[in-house]
Number of protein chains: 2
Amino acid sequence: MSKTEQGRPPGTTTERTGHKAPTIRDVAREAGVSIGTVSKALNGAGALKAETRERVIGIARKMGFRPNDLAQSLHRGQSFTVGLISNDSFGRFTMPIMEGLERELAAERIAVFMSNATDDPERERQHIDQLMGKRVDGLVFTARRADRRPSLTTNVGDLPRLYVFSQSDDPDSFCLLPDDEGGARLATEHLIGLGCRRVAHVTGPEHFEAVRLRLKGYHDALDAAGLDPDPSRIIKGVWSEQWGREAIGILFADPTTAPDGIVCGNDQIGRGVLEALRDLKIPVPGSVRVVGFDNWDVMTEAARPRLTSIDMNLYDLGREAGRRIIRMIGGETFKGVLRLPCTLVVRESCGGTPNEHKGQET
Amino acid sequence: MSKTEQGRPPGTTTERTGHKAPTIRDVAREAGVSIGTVSKALNGAGALKAETRERVIGIARKMGFRPNDLAQSLHRGQSFTVGLISNDSFGRFTMPIMEGLERELAAERIAVFMSNATDDPERERQHIDQLMGKRVDGLVFTARRADRRPSLTTNVGDLPRLYVFSQSDDPDSFCLLPDDEGGARLATEHLIGLGCRRVAHVTGPEHFEAVRLRLKGYHDALDAAGLDPDPSRIIKGVWSEQWGREAIGILFADPTTAPDGIVCGNDQIGRGVLEALRDLKIPVPGSVRVVGFDNWDVMTEAARPRLTSIDMNLYDLGREAGRRIIRMIGGETFKGVLRLPCTLVVRESCGGTPNEHKGQET
DNA sequence: GTGAAAGCGCTAACAA
DNA sequence: TTGTTAGCGCTTTCAC
């Protein structure tokens, strides 16, 4: 353990200089006015002589005065905070969502508490408990889950709450999700539009709702084009590159029935598919066109050729979550499931004209 | 946009039923005792008849009473919150750190505000401002940065602050980092121990401090083994698979000087290296042994063969950050740079005996 | 136009 | 053993 730590030995307690933040009272004293006057000056409320107002503001600024939100919240009964509870251990999908959410909330001066429950109901309960103690104005749940999650047993009263990239089994809840079905339809339509007639679907475990929805989108697109769905071209496995590679072995076992297009359940599968095709020297997009799902740059850019994919626009999903929870805090009510559109990002693996990030919508 | 949203049309403001959280006063009234008594009962302070205590606690529980932390904090002058400011847009490296941090803090009943500054000094200033308003007890900064970051101009007084996976140019600051140098040394030693005599290093852009440190570790290991460092075997590029592939073209241009071991600057490079070697039908680990850096499962597991790598133990780094900031809040002072050990995780790409996650330490 | 004071929900020191 | 009360820092109503 190469510690280059300096500083006092552990245990040494140094008094911090502790010049604490000035209070409104300090400002009042300094300015020679009453507390009420300072408050009015700072909040632009009430009637005040312009000169007084500016003088007070100037002094407050000079003193580095910053109102104590805790006191303010206590008075107002609103804390200007929201709790975010993740069950994905802040995973890959959660990040852009958090980012979008935080951005919208920051604009309204609402701060976000993050907590990670990692699918442990007991930890989740504790976290919610703490957040309730902090008097958060709302609760946002997120996760990557195969299924709906049981609604929480903890009593959160009528606190606004919202599920994003996650679902609750409470029928009164409000859930924000990507339009998996539309995304898969978009991918399939795109391949069909490029001339594919034998489109396969290599996807993940069926117990994921997303798998079922994407499958439906795939089917619908085939139907709409009058193409027969061949069950042997739909294969389910896991969410890995390894599975993508294996799937090619299965699909191309009999060359006479081999697909000319493949819609993949995610980008890892997509990349595995591309690698296996490369090993077999089957030209992409010459003989087979491939589309992934997630538009995860780490995968799409490193694949050979680069992988066309469906973007779930999770950042936007997070932003929408932020806007909604703000409205819910404002008193509006939402319920049901709202699905936001996915986008097609074309790269070389499907032979279309690369569009990078403009994409058609579902 | 396939919205299955139900609920009231936007703008409709429904009054929430609004039975607000009971206060300590409500509990006191209900129990027929004074406020002070309730407080004592709940906090286990003072002397109270056991029977009263239990009766009060029971009533409080039944009423779903949860003390208002805001009021408590106002009184105590401590908010039991910490602000986390990320400049990595909650990136891949930030996640495990956040997780570890949050875990340690949650155990001490400290909640974490997350905010994302994405390298915009103005946003960072605003965030800090807000957090100061919320009277956070400490500030944790994190980021993936090439260089040290300028210390913040905003006045945060003597609030405890800590940098994790990130550095400040303020000499009084305290920074927590992985031991990049030791990690690279570990990787190089391992290859040498397996018999490699011509070990190459394919890494990222030199303006990253991590690149310079890892290079030093690599050099030290060669020195210690009495091996001559050949400058042509050290090549710097970017952090991508693409670069890893290109690097093989360079290193193997002249077969007579080709390396028999490669230490890669990260796992993406490592994977690119493995792919290119595979394309060239150069057996791994038969002819060349390869080690990556980051131990990012998405890369290490999908690579063929699976990639041996150095784990920076970011989750532990996050936990240490949590413990330290807690101590700093308690009054201790730390300064300087503390580097935590990296771990070697052996898989098939280097031909050792796979150890998965036990790993030797630096 | 400005000051005084009540009160947000809690803790802790002091009284009873 | 229990009750009373003065704040914590702020907002807001009501006097002046």
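Naming convention: chains lettered A, B, ... in sequence-line order (proteins, then strands); numbering from 1 in each chain.
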Any non-hydrogen side-chain atom of B:Val140 less than 4.5 Å from a side-chain atom of B:Val164? yes
Counting primed atoms, P, OP1 and OP2 as sugar-phosphate and everything else as base, the B/S/- map of nucleotides 1-11 of chain C against protein heavy atoms under 4.0 Å is SBB---BBBSB
### Query
Does the side-chain contact (heavy atoms from CB on, under 4.5 Å) test come out yes or no for A:Leu42 and A:Phe65, once each step is laid out?
CA-CA 10 Å; A:Leu42 262 32; A:Phe65 172 73; 3.3 Å; yes
Exercise. Taking the six-membered ring where the residue is Trp, are the ring centres of A:Phe113 and B:Phe113 under 6.0 Å apart?
Worked result: yes
Query raised in the report: When you measure from the centre of the six-membered ring of B:Phe334, is the NZ or CZ of B:Arg324 under 6.0 Å away and within 45° of the axis?
Result: yes
With sequence neighbours left out, the residues meeting salt bridge (Lys or Arg N to Asp or Glu O under 4.0 Å) with B:Arg135 are none
note: A:Leu42, atom CG; D:dT12, atom P; distance rounded to Å ~ 13 Å
